[in-house]
Every structure is written in structure tokens, then in C-alpha cells.
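Right, one structure below, let's go through it.
Reckoned from all heavy atoms, side chains included, excluding hydrogens, waters and symmetry mates.
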Amino acid sequence: MERETTPSQSEWLVMEVFWASDTSLTAKEVIKKMREKSDMSPRMVRVLLNRLWQKGVLSYTVDEHDARVYHYSVEKSKEECQKEKSRKFVDNYFEGSRKNAMAALLQSAKLTEEQFRDLEEILEQCKEKDADEK
């Protein structure tokens, strides 16, 4: 079985803190920011930081003044994680058929005319991109 490399739902909450920041963060700083969003315990936040490091979503450097302090940095952007999650979702639930996945999502959604126009524009851009790559 393929090793998981994307954030779980709980890990995603932690990553939202990093993606909203433009600098590295210590565990203490992440815990403080998480208190505003969640009742997650400090220990759980530390466990999730370690998991995210193991998945390659975060990296860290050791503080030069205190070896017990790690400075965590983002290795995978939100967009990269979304693309990877989407691909795995399609593979797991739609046997790899992107067409069937999109059809299921569109058929279950109530979209406005403006949203339909936006989707048509996105499809057109994808068509042009595919034509350019061929």
C-alpha cells in the first residue's frame, strides 16, 4: 500500500496555520494559534507536527540557542496538497476516472448561473492547456 503523504483532516487544521503564515513557526507558536481555532491539546498538536514532518509536508531546523526548539517550515503548498488529495480521492472512489468524479460532484451540487459560467471557463482553459501540451 502506498505511504500517505497528504495531511489528514486534523493535520490540515495545523497546516492552515502554516499556510496563513509567511514564516517558520515553533510548536509553541502553532499551539497558540491553534487555541484560537480548536480545542486540540498541545500534545496532539506536537504529534501532528511530527506526522506532517514524516509525510514531508513540513521540514524543521533546530534553534541555534535551544536544541529543544524546532522551527517548522512548509514544504508542500496548499495547492500541492489539494491536487494530491484530489488525485487520491478520484483514484480511491472513482477508479481513477476524473470524468466520473466531476460528474458526481456536479450532479450533487446546486450551482448558480454564474458558477456554471465559471466552470465553463475553467473547462475551456483546461482544453487549451491540453492542446498546447500536445
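- A donor-acceptor contact shorter than 3.5 Å links the side chain of S86 to the backbone of Q82.
- Residues R87 and D91 form a side-chain contact, since some pair of their non-hydrogen atoms from C-beta on lies under 4.5 Å apart.
- Put simply, OG on S8 and CG on L52 are 7.0 Å apart, with the number rounded to the nearest 0.5 Å.
- A side-chain donor-acceptor contact under 3.5 Å links K76 to the backbone of T5.
- Residue D39 places its CG atom among 12 or fewer non-hydrogen atoms of other residues, nucleotides or ligands, all under 6.0 Å distant.
- Interatomic distance, L111 CG to L106 CG, rounded to the nearest 0.5 Å: 6.5 Å.
- Residues forming a ring-ring contact (aromatic ring centres under 6.0 Å, His included) with F116 (at least two apart in sequence, or on another chain): none.
- Smallest separation of non-hydrogen atoms from V90 and A101: CG2-CB, 3.7 Å.
- Neither side chain, T6 nor E84, offers a donor N or O lying under 3.5 Å from an acceptor on the other.
- Note: T26 OG1 to L49 CG = 9.5 Å, rounded to the nearest 0.5 Å.
- For the pair F18/V30, a side-chain contact is recorded, criterion being any heavy-atom separation below 4.5 Å from C-beta on.
- In terms of heavy-atom proximity, S59 sits nearest to E75 at OG-OE2, 2.8 Å.
- Rounded to the nearest 0.5 angstrom, R46 CZ and M44 CE are separated by 13.5 Å.
- When every heavy atom of K55 is checked against every heavy atom of E11, the shortest pair comes out as NZ-OE1, 2.6 Å.
- L119 places none of its side-chain heavy atoms less than 4.5 Å from the side chain of E124.
- Side-chain contact check for M15 versus V57: some heavy-atom pair is nearer than 4.5 Å.
- Of all the heavy atoms in E29 and S24, the pair that sits closest is OE1-O, 4.1 Å.
- Residues S38 and M40 come closest through the heavy atom pair OG-N, 3.0 Å.
- Annotation for K85: atom NZ counts as buried by contact number, over 12 foreign heavy atoms lying within 6.0 Å.
- Ion pairing between E16 and K78 holds under the 4.0 Å rule for side-chain N and carboxylate O.
- At a threshold of 4.5 Å between non-hydrogen side-chain atoms, the residues E114 and R117 count as touching.
- Within the 4.5 Å cutoff, the side chain of E80 has no heavy atoms near those of the K83 side chain.
- When K28, R35, K33, M34 are each tested for a side-chain contact (heavy atoms from CB on, under 4.5 Å) with I31, only one passes: R35.
- Considering all non-hydrogen atoms of both residues, W19 and W12 come closest at CZ3-CE2, 3.6 Å.
- With Y70 as reference, V62 is the one residue of V62, N50, D63, T61 to meet the side-chain contact (heavy atoms from CB on, under 4.5 Å) rule.
- Distance check, rounded to the nearest 0.5 Å: CG of L58 to CZ of R51 gives 13.5 Å.
- A donor-acceptor distance shorter than 3.5 angstrom exists from the side chain of S108 to the backbone of A104, with no hydrogens or angles considered.
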* Give the C-alpha distance, both sets of side-chain angles, the deciding distance and a yes or no for ring-ring contact (aromatic ring centres under 6.0 Å, His included) between Y60 and W53. => CA-CA 8 Å; Y60 70 85; W53 169 75; 5.6 Å; yes
